[in-house]
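To start, the structure itself, in C-alpha cells.
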Number of protein chains: 2
Amino acid sequence: MPAKKRKITKARYEALAELRYALRQFLRFSENAAQAAGVTPQQHQAMLAIKGFPGPDLITIGELAERLQILHHSTVGLVNRLVAERYVQRVMDRKDRRQVRLVLTLRGETILENLSTIHSEQLQRMAPQITQLLKGLRGEIF
Amino acid sequence: MPAKKRKITKARYEALAELRYALRQFLRFSENAAQAAGVTPQQHQAMLAIKGFPGPDLITIGELAERLQILHHSTVGLVNRLVAERYVQRVMDRKDRRQVRLVLTLRGETILENLSTIHSEQLQRMAPQITQLLKGLRGEIF
DNA sequence: TGAATTATATCGTATCACGATATAATTTGG
DNA sequence: CCAAATTATATCGTGATACGATATAATTCA
C-alpha cells in the first residue's frame, strides 16, 4: 500500500491554525513578561529549566541544553550571560568533576517566582481553549 | 491588601518546566518538518494561518500579522517571499481596494497538506501529556 | 593508556523580527 | 468634499539568537 492521500478538512486546518495562534499568544505574553522583568525570554526559560529540573539533583549544562532544545555550546553562552548578571551560579560536581551544575541565586529566584506566578495565571486562563483544541484534533479525519 | 507573596512549590516549577519542554519539543519537531519540506518554519506557519483562517473569507495582510503575532510590515516581507516561491497568491479585494487577500497556490496546498498530516499525528501523540500538565497547573497553590 | 564525555571558547554565518521612517492608494467620517 | 484614517508596501540599519565548524582542556571510563 503506497501513499494514503487523505484530504484534510477545512475544520482541521482551522483547528491547527487556532492552536498555533493560541501558542503564539502565549509565547508573546511570556516574552513581554520576561522583558518587563528585565530578562530576555531565553534567560527566563533557562531559569525555569534550572529550577524546575525534575528530582533533587541540580541540572548540568548538557541536561539544560536538552531541556531547552538547543546545542551544548549555545547553552554555555546562555549560562555565561546568566552568571554575569548574577541570576545563576555554577556549582562544581564532586562526583564527576567534568560536570558543572547550576543553581539560581536569590536574585534569580525572586525574578523567576514573579514570572512563574503570572505564567501560571495566564496558563490557567488559556488551558480550557487549548485542551479543547487538542481534543478536537484527535481522530475524526485521517 | 498589598502584595500576596505566595510561594511557588517545587512541583509547580516542575510542571511549568515540563510544559515548556514539551512545547519546545513540538516546535523543534515542527521546524524540522518544515525544513524537510523545503520551507522555512515561518513560511509554514503563514501558510497554515492563510489556509486555516476561520470562515469563508480570505485572510488579509493585517489579519495575517495578527494571527502570526508579528508586525504588519514584517508580514509584507514574509508574504513577498511566499509569493516569490509560488506558494501563495495575492488577490485583490474588490470591496476595499486597499486590501490584499491571500490564497495558497496548488503548490502551497500540497506542501501544507503534507505538513499538516504529520503535525496532526504528532499533536495526537503529545496531547495527553500536555492536557495532563495543564490540568496539574490549575488550582492548588496560589 | 587510549577513547569517550563534558564543558568551554572563538569566529563567522544565517535568520528573523523590529524600529524608524516614508510613500501611495483608497476609504471613511465630519 | 476634503481631511483623516486605514491598508499595504518599501528601505535600511539594528539586535538577538542559535548554528556550524573547529579547537582545547579536564576528567572519567573501558
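This is a predicted model, so every value here is computed, not measured. The basis for the numbers below is simple: all heavy atoms, side chains too, and nothing from hydrogens, waters or symmetry mates. Naming: A, B, ... by sequence-line order, numbering from 1 per chain.
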How many whole angstroms separate atom [atom1] of [X] from atom [atom2] of [N]?
| X | N | atom1 | atom2 | value |
| --- | --- | --- | --- | --- |
| B:Leu71 | D:dA10 | CG | P | 17 Å |
| B:Glu31 | D:dA18 | CD | P | 11 Å |
| A:Met92 | D:dT28 | CE | P | 12 Å |
| A:Asp93 | D:dA26 | CG | C1' | 14 Å |
| A:Arg28 | C:dC16 | CZ | C1' | 12 Å |
| B:Glu66 | D:dT6 | CD | P | 16 Å |
| A:Arg81 | D:dA16 | CZ | C1' | 9 Å |
| A:Arg97 | D:dC29 | CZ | P | 12 Å |

B:Arg90, CZ atom: more than 12 neighbouring heavy atoms under 6.0 Å:
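Yes, CZ of B:Arg90 has more than 12 neighbouring heavy atoms, counting only those of other groups under 6.0 Å.
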More than 12 heavy atoms of other residues, nucleotides or ligands under 6.0 Å from NZ of A:Lys135: is that the case?
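Atom NZ in A:Lys135 is not packed in, count stays at 12 or less.
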Regarding B:Arg24, tell me which of base, sugar-phosphate or nothing describes its non-hydrogen contacts under 4.0 Å with the strands shown.
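B:Arg24: no heavy atom of the nucleic acid under 4.0 Å.
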Using a heavy-atom cut-off of 4.0 Å across all strands, would you classify A:Thr75 as base, sugar-phosphate, or nothing?
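If one applies the 4.0 Å heavy-atom cut-off, A:Thr75 turns out to touch nothing in the nucleic acid.
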Ion pair present between B:Arg81 and B:Glu85, side-chain N to carboxylate O less than 4.0 angstrom?
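Judged by the 4.0 Å cut-off on N to carboxylate O distance, B:Arg81 and B:Glu85 do not form a salt bridge.
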Check this for me: does any side-chain nitrogen of one of A:Glu113 and B:Lys7 sit under 4.0 Å from a carboxylate oxygen of the other?
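Looking at A:Glu113 and B:Lys7, the cut-off is not met.
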Answer yes if the side chains of [X] and [Y] hold a donor-acceptor pair under 3.5 Å, and no otherwise.
| X | Y | result |
| --- | --- | --- |
| B:Arg12 | A:Ser120 | yes |
| B:Arg24 | A:Gln45 | yes |
| B:Arg20 | A:Ser30 | yes |
| A:Thr60 | A:Glu63 | yes |

Look at the aromatic rings of B:His119 and B:His44 and report parallel, tilted or perpendicular, splitting at 30° and 60°.
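Rings of B:His119 and B:His44: tilted, 30 to 60°.
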Enumerate all atom pairs, one protein N or O and one N or O from nucleotides 4-8 of chain C, separated by less than 3.5 Å.
| from | atom 1 | to | atom 2 | distance (Å) |
| --- | --- | --- | --- | --- |
| C:dT5 | O2 | A:Arg98 | NH1 | 2.9 |
| C:dA7 | OP1 | A:Ile61 | N | 3.3 |
| C:dA7 | OP2 | A:Gly62 | N | 2.8 |
| C:dT8 | OP1 | A:Arg90 | NE | 2.6 |
| C:dT8 | OP1 | A:Arg90 | NH2 | 3.3 |
| C:dT8 | OP2 | A:Arg90 | NH2 | 3.4 |

With axes from five pairs an end, tell me the bend angle of the helix from C:dT1-D:dA30 to C:dG30-D:dC1, nearest 10°.
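Answer for the end axes of this duplex: 40°.
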